[in-house]
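Worksheet: the structure to be examined is printed underneath.
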Amino acid sequence: MSTAKPRILTGDTPTHTGLHLGHYVGSLENRLKLQDQYDCYFLIANVHAFTTLAEKPAEVRANTIGIVKDWLAVGLDPQRSTFVLQSEIPAIAELTFLFAMLLPFNKVMRNPTLKTEIETKGLGESHSFGFPMYAVGQCADILTFRPELVPVGEDQEAHIEMCRDVALKFNQLYCGVGNRVVPEEHVKAGGLFPIPKAKVGRVARLVGLDGKNKMSKSLGNAIFLYDDAKTVQKKINKITTGRQSPTEPGDVSNILMQYVDAFIGGAGDEGYTRAEEIKRRYGAGDNIGDGHVKAELGEAINKLIEPMRVRRTELEGERGDAMVQEVIRIGVERANVVAEETLFLAKKAMGLEFGRRTVSLAG
Ligand code: TRP
C-alpha cells in the first residue's frame, strides 16, 4: 500500500477484556480521529499477552478476538486502517532480536514502566525472561511500521523513549547518520527509521467513580462502554461530592466536574461551551444541583456509548467471529507488506541481505 499520509502505530495487549470510559478518552477517541489524517496501524499484541498469561492460551485467544470486536464496535475502521495481529508478522519477531543488541540490558531493566508492572503485578523475581523482553518487542512493533506518531497512555511513555533510543542508534550505526543530527532530521540524513513521538490522549487520566483512583476494571470504579443505559445512570447517581444544595458553591475540580469536562460537549450561553457554563454556575452555586448535573452527564455518556453497545451486540456469536477472522486476515496481509519491506531495508543496512523473500498467509 503506498500512501502519502504519515503513519501512526499503536496497540493493545489482550490480557483482559472490558473497555471503559478511561480507555475511550485516554486513547480510543484519539485513534478514531487520527484515522482520517493518518495511515493507521492498530496492533493486537497477542504475543506480549503471554508474558503474564503463558499458562492460559485460551484466554489470550478469546481476548484477542474480543479486542478486535471492541475496536470494530467503537468505530475503528479496518478498511481505512490496518489491524495488525502481532503473532502473524514475522518481521516483528526478527527485529526484536536485532534491536535487543542495541539496548543495554541494565537500561531495559531500569525502564520505569516495566518496574511498575513488576511491582503491581506482584511478579517479583519470578518473572520470565520474556517479560522484560516485551519492552524490546514493543520497539520492534513500532519501528516495523516506521510511524511518526505513537498514540498511547502516559504509562507507555517510557517504552516510546526506549524505542526512540533504538531508532537513533540504528540510524547512527547502520545508516551513517551523524551523532549531531537532531531526531526530526534523521530520515533526511539517510536514517531508515523516523524517530517516533508519543501522543497522549485528551484526558490522560480519567478518575474512577470513587473520585480518587484512575478508572480501572480491577478497582471496580469503571463505567464500561457496554453498560446499558440504566446501569450508566445508576453508577453516576452514586457519585458523592459532599455538596448539600444547588445554591452551595461547588468545587469545580471535583469528580462530577471532571466528567462534565470529559463528556459534555456543545455550546452553552453567551459563547461559553455547555461544560464551561455548567462549571461556572456550579462554582458560583447558581441554582444547579448535583442531581441535575448527573442527569445531564448520564444522558451525554449514554448518547456517546449507545451506538458502540449496539454494534458490539451485533458482533456477538459466530457471525461476529467470522467477521473478525476476515478482518485479521486482511490486516495481516497488508501489514506484512510494510513489515517485510522494513525488515529487508534494516537487514540491508546491517549487511544481512542475502536475497528477498515473500511472506503471505496461505488460504
Ligand atoms: N504495551 C502496550 C499496552 O499494554 C501495548 C502495545 C504493544 C503497544 N505494542 C505496542 C502500544 C506498540 C503502542 C505501540 O498498552
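In each ligand, atom 1 is the first atom listed, and ligand 1 is the first ligand listed.
- The contact set between ligand 1 and Val152, taken as ligand atoms under 4.0 Å from a residue heavy atom, comprises 13 (C).
- Among the candidates Arg31, Lys5, Arg80, the single residue satisfying the salt bridge (charged side-chain N to carboxylate O under 4.0 Å, His left out) test with Asp36 is Arg80.
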Item to check | Trace of the side chain to side chain donor-acceptor pair (under 3.5 Å) decision for Gln86 with His48 | outcome: CA-CA 9 Å; Gln86 192 182 44; His48 292 190; 3.0 Å; yes
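- Neither the backbone nor the side chain of Thr15 comes within 4.0 Å of ligand 1, counting heavy atoms alone.
- Taking a cutoff of 4.0 Å between a charged side-chain nitrogen and a carboxylate oxygen, Lys235 and Asp227 qualify as a salt bridge.
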Item to check | Worked check of side chain to side chain donor-acceptor pair (under 3.5 Å) between Gln233 and Asn237 | outcome: CA-CA 6 Å; Gln233 191 65 59; Asn237 290 346; 3.0 Å; yes
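- Here Glu314 does not pair with Arg311 in a salt bridge; the nearest charged N to carboxylate O distance is not below 4.0 Å.
- Between Pro151, Gly11, Pro147, it is Gly11 that holds the heavy atom closest to atom 13 (C) of ligand 1.
- Within the listing of ligand 1, atoms 12 (C), 14 (C) sit less than 4.0 angstrom from a heavy atom of Ile142.
- Of all the atoms in ligand 1, the ones that sit under 4.0 Å from a non-hydrogen atom of Ala45 are 7 (C).
- Summary of contacts: the protein heavy atom closest to atom 14 (C) of ligand 1 is Leu9 CD2, 3.5 Å.
- Of the protein's non-hydrogen atoms, the one nearest atom 4 (O) of ligand 1 is Thr13 OG1, 3.0 Å.
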Checklist entry - salt bridge (Lys or Arg N to Asp or Glu O under 4.0 Å) between Arg309 and Glu306: does it pass, once the steps are laid out? => result CA-CA 5 Å; Arg309 186 165 54 222; Glu306 167 78 16; 2.4 Å; yes
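- Contacts between Asp155 and ligand 1, counted as non-hydrogen atom pairs separated by less than 4.0 Å, are absent for every part of the residue.
- Residue Asn336 forms a side chain to side chain contact (heavy atoms under 4.5 Å, CB included) with just one option from Val84, Ile89, Thr358, and that option is Ile89.
- Distances between N or O atoms of Gln156 and those of ligand 1 include at least one value under 3.5 Å.
- Considering backbone and side-chain atoms together, Gln138 places an N or O closer than 3.5 Å to an N or O of ligand 1.
- For atom 9 (N) of ligand 1, the nearest non-hydrogen atom of the protein is Asp141 OD2, 2.7 Å.
- Between the side chains of Tyr134 and Glu117, at least one donor N or O sits under 3.5 Å from an acceptor N or O.
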